[in-house]
Amino acid sequence: LMAWIELLKEKEGVDNVVHEMSKDVKRLETITDRFSKIGSRAELINKDVVVLVTNAIDYLESRIPVNSSFVTDFPNKSIVIPIIPTLFQWVIENLVKNAVDAIKGKGEIKVSISEDNTKVIISVIDNGSGIDKSLIKNIFKPGVTSKKRGWGLGLSLSKRIIEDYHKGNIFVMLSEKNAGTN
């Protein structure tokens, strides 16, 4: 794929296509890196969480339905924390993709970052269909899903990444039928 991209760069009028293809090839490299880290002892490195979340949103923004939109509420400063960047971005992308599914291609996804003295708080809020009350307490367990397709592994992997690797917490703060999830 990288060789084809290099050949396309020589053509006129395909700059946007080449740019998007390059991002997707980079994405494949990231996915490979994620899977190599999930079963190993990956090392935490100090990174700016605001930049990591911004990059994840930027990547996803051009790939969501046109009637969907992001609203971001990020501080105007760096928040540097020990993190495994590729795994952390995987969690953000998974939460956002679930929010996109919940709004069924039409709605708003708000992503916010805040901090207090001891923790960084990242919220992903959608105005979609909500999570059925019977699923909420088990939503982070493997195999649990409300979707017709999928294996129910995304949120369980996200939980493992946040809790086991980053020593944080991940949970559903609030979910109401036809009002969304936070």
Side-chain angles (χ1 to χ4, degrees), residues 23-24 26-61 63-64 70 72-75 77-103 109-126 128 130-175 180-182:
K23 287 196 311 192
D24 287 340
K26 179 82 172 132
R27 172 84 170 151
L28 291 172
E29 291 171 347
T30 300
I31 290 168
T32 302
D33 187 45
R34 287 172 179 172
F35 277 105
S36 72
K37 283 184 174 54
I38 207 64
S40 65
R41 284 220 141 304
E43 191 173 320
L44 298 170
I45 55 176
N46 288 330
K47 287 287 188 177
D48 184 351
V49 73
V50 176
V51 169
L52 291 173
V53 173
T54 299
N55 290 343
I57 298 300
D58 287 348
Y59 176 80
L60 292 168
E61 197 159 26
R63 287 156 176 79
I64 63 172
F70 283 110
T72 56
D73 182 16
F74 300 164
K77 64 176 187 156
S78 296
I79 301 175
V80 177
I81 60 173
I83 204 161
I84 305 167
T86 55
L87 294 182
F88 176 77
Q89 282 184 301
W90 195 1
V91 171
I92 298 303
E93 290 170 13
N94 188 22
L95 295 174
V96 168
K97 286 177 184 177
N98 281 340
V100 168
D101 289 345
I103 63 175
I109 300 161
K110 181 178 181 184
V111 182
S112 65
I113 302 172
S114 60
E115 67 177 329
D116 66 17
N117 294 335
T118 60
K119 61 188 168 226
V120 175
I121 302 155
I122 300 169
S123 296
V124 178
I125 303 167
D126 66 66
I131 302 170
D132 189 277
K133 289 191 188 310
S134 66
L135 287 178
I136 288 180
K137 90 175 174 182
N138 294 316
I139 198 73
F140 292 100
K141 292 183 179 174
V144 175
T145 184
S146 61
K147 300 174 190 173
K148 290 182 169 124
R149 295 182 55 180
W151 295 354
L153 296 176
L155 289 177
S156 66
L157 276 172
S158 295
K159 182 177 178 71
R160 181 175 173 196
I161 290 166
I162 294 301
E163 292 183 356
D164 294 352
Y165 289 93
H166 295 95
K167 306 302 179 213
N169 296 305
I170 186 170
F171 53 89
V172 175
M173 185 175 232
L174 176 67
S175 188
T181 300
N182 180 1

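Note that the numbering runs from 1 along the sequence shown for the chain.
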Main-chain N/O of Ile79 paired to Asp48 side chain as donor or acceptor, under 3.5 Å: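 Yes; judged by distance alone, with no hydrogens or angles, the pair exists.
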Rounded at 0.5 Å granularity, tell me how far [atom1] in [X] sits from [atom2] in [Y].
X      : Y      : atom1 : atom2 : result
Ile81  : Leu52  : CD1   : CG    : 8.0 Å
Asn182 : Ser112 : CG    : OG    : 7.5 Å
Ile103 : Asp126 : CD1   : CG    : 7.0 Å
Asn98  : Ser158 : CG    : OG    : 7.5 Å
Ile162 : Leu155 : CD1   : CG    : 11.5 Å

Could you give me the CA-CA distance, side-chain angles and deciding distance for Val49 and Phe88, then say whether side chain to side chain contact (heavy atoms under 4.5 Å, CB included) is met? CA-CA 9 Å; Val49 73; Phe88 176 77; 3.4 Å; yes
Any side-chain heavy-atom pair of [X] and [Y] under 4.5 Å:
X      : Y      : result
Pro75  : Ile113 : yes
Val53  : Thr72  : no
Asn94  : Leu157 : no
Ile136 : Phe171 : no
Val91  : Leu87  : no

At their closest point, which heavy atom of [X] faces which heavy atom of [Y], and how far apart are they?
X      : Y      : answer
Ile161 : His166 : O-ND1, 2.9 Å
Lys77  : Val50  : O-CG2, 3.6 Å
Lys167 : Asp164 : NZ-O, 2.8 Å
Val96  : Leu60  : CG1-CD1, 3.7 Å
Ile92  : Ala56  : CG2-CB, 3.9 Å

Glu93 and Arg63 ion-paired at < 4.0 Å: no
Between Leu44 and Ile84, is the side chain to side chain contact (heavy atoms under 4.5 Å, CB included) condition met? List the steps. CA-CA 5 Å; Leu44 298 170; Ile84 305 167; 3.6 Å; yes
Review item, side-chain donor-acceptor pairs of residues 137-145, under 3.5 Å, at least two apart:
unit_1: Asn138; atom_1: OD1; unit_2: Lys141; atom_2: NZ; d: 2.9
unit_1: Thr145; atom_1: OG1; unit_2: Lys147; atom_2: N; d: 3.0

Verify the neighbour count for atom NZ of Lys23: are there more than 12 heavy atoms of other residues, nucleotides or ligands below 6.0 Å? yes
